Amino acid sequence: QVQLVESGGGLVQAGGSLRLSCAASGRTFSSTAMAWFRRAPGKEREFVAAISGSGGTIDYADPVKGRFTASRDNAKNTVYLQMNNLKPEDTAVYYCAAGLRPIVTTTWLYWGQGTQVTVSS
């Protein structure tokens, strides 16, 4: 069992930045790939980024490439999502997920409660 707690969401103007954090507990963190997803109002949940257990492989969804950066600190059991040049269409609840395996193609088993990101125009 893995517990995930996100933080760092908030309200920001377009062009601004936020950094989300997700603290994990309950499992060997470095053996678990981590991911960020988001759900915008009226839309399905969508993939944002995933990072392997070692941090050596990172995948991004096309809409966030070049603007978002995922990273992790295995010593702190924490994964981050640095979001720059935010756009109104990035407004969503952002969720952290932990995978079954350390690779980014894993099944996502555990989910945090989400943190709201709102980007004003």
Side-chain angles (χ1 to χ4, degrees):
Q1 191 74 11
V2 176
Q3 294 78 43
L4 303 172
V5 179
E6 301 102 332
S7 60
L11 173 64
V12 65
Q13 288 187 332
S17 298
L18 283 174
R19 188 175 83 153
L20 305 183
S21 299
C22 173
S25 61
R27 187 174 176 182
T28 303
F29 189 63
S30 60
S31 68
T32 303
M34 301 294 294
W36 291 96
F37 289 77
R38 66 187 182 186
R39 187 192 301 270
K43 295 188 177 181
E44 297 290 322
R45 184 176 63 197
E46 65 174 358
F47 169 79
V48 174
I51 183 166
S52 64
S54 67
T57 301
I58 308 175
D59 283 347
Y60 296 98
D62 286 344
V64 307
K65 282 181 180 176
R67 300 188 299 122
F68 290 12
T69 302
S71 62
R72 64 191 294 158
D73 185 338
N74 285 349
K76 296 182 178 180
N77 284 10
T78 301
V79 63
Y80 305 97
L81 185 68
Q82 177 67 43
M83 306 185 294
N84 297 329
N85 190 21
L86 282 160
K87 304 176 181 181
E89 52 264 42
D90 294 318
T91 295
V93 177
Y94 283 71
Y95 298 91
C96 173
L100 176 64
R101 301 171 65 191
I103 56 176
V104 296
T105 54
T106 186
T107 300
W108 304 107
L109 286 182
Y110 305 102
W111 297 85
Q113 82 288 351
T115 186
Q116 176 70 46
V117 172
T118 303
V119 185
S120 62
S121 58

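The structure presented is a predicted model; accordingly, all values stated were derived computationally and were not measured. Positions are given from 1 along the sequence. Quick note: numbers below take in every heavy atom, side chains included, and nothing from hydrogens, waters or symmetry partners.
Here the side chains of Met83 and Trp36 are not in contact, with every heavy-atom distance at 4.5 Å or above.
Within 6.0 Å of the CD atom in Gln13, the count of heavy atoms belonging to other residues, nucleotides or ligands does not exceed 12.
Under the 4.5 Å side-chain heavy-atom criterion for Ile, Leu, Val, Met, Phe, Trp and Tyr, Val79 and Val2 are members of the same hydrophobic cluster. In the hydrophobic clustering of ILVMFWY residues, with side-chain heavy atoms under 4.5 Å counting as a link, Tyr80 and Val48 come out apart. Connection of Ile51 to Leu18 is established within a shared hydrophobic cluster, with ILVMFWY side chains joined at heavy-atom distances below 4.5 Å, either directly or through further cluster members.
For the atom pair CZ of Phe29 and OG1 of Thr78, the computed distance is 6.0 Å after rounding to the nearest 0.5 Å. Between Glu46 atom CD and Arg39 atom CZ the span is 10.5 Å, to the nearest 0.5 Å. Atoms OG1 and CG, on Thr115 and Leu81 in that order, are 11.0 Å from each other to the nearest 0.5 Å. Taking CZ of Arg72 as the start and CD1 of Ile58 as the end, the distance is 9.5 Å to the nearest 0.5 Å. Considering CE of Met34 and CG of Asn77, their distance stands at 9.0 Å, rounded to 0.5 Å. Atom CG of Leu20 is separated from atom CD of Gln82 by 9.0 Å, given to the nearest 0.5 angstrom.
Pairs engaging residues 55-65 under the side chain to side chain donor-acceptor pair (under 3.5 Å) rule: Asp62-Lys65 [sequence neighbours left out].
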Check: residues 87-103 side-chain donor-acceptor pairs under 3.5 Å, at least two apart:
unit_1, atom_1, unit_2, atom_2, d
Asp90, OD1, Arg38, NH1, 2.9
Asp90, OD1, Arg67, NH2, 3.0
Asp90, OD2, Arg67, NH1, 2.7
Asp90, OD2, Arg67, NH2, 3.4
Asp90, OD2, Lys87, N, 2.8
Thr91, OG1, Pro88, O, 2.9
Thr91, OG1, Val119, N, 2.9
Thr91, OG1, Val119, O, 3.4
Tyr94, OH, Arg38, NH1, 2.9
Tyr94, OH, Asp90, O, 2.7

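Think of Leu11 as one node in a network of Ile, Leu, Val, Met, Phe, Trp and Tyr side chains linked at under 4.5 Å; it has no links at all.
The side chain to side chain donor-acceptor pair (under 3.5 Å) check on Ser17 picks up Asn84, with sequence neighbours excluded. Judged as a side chain to side chain donor-acceptor pair (under 3.5 Å), and not counting sequence neighbours, the contacts of Ser25 are Gln3. Take Lys43 and apply the salt bridge (Lys or Arg N to Asp or Glu O under 4.0 Å) test, not counting sequence neighbours, and it matches no residue.
Listed for the Gln113 side chain is no donor-acceptor partner under 3.5 Å among the backbone atoms of Val5. The backbone N or O of Ser54 lies less than 3.5 Å from no partner atom in the side chain of Asn74, so there is not a single donor-acceptor pair.
Among all heavy-atom pairs drawn from Ser52 and Val104, the shortest one is N-CG1, 3.5 Å. A pairwise comparison of heavy atoms in Val117 and Gly9 identifies CG2-CA, 4.2 Å as the closest pair. Shortest non-hydrogen contact noted between Trp108 and Ala33 is CZ3-O, 3.3 Å.
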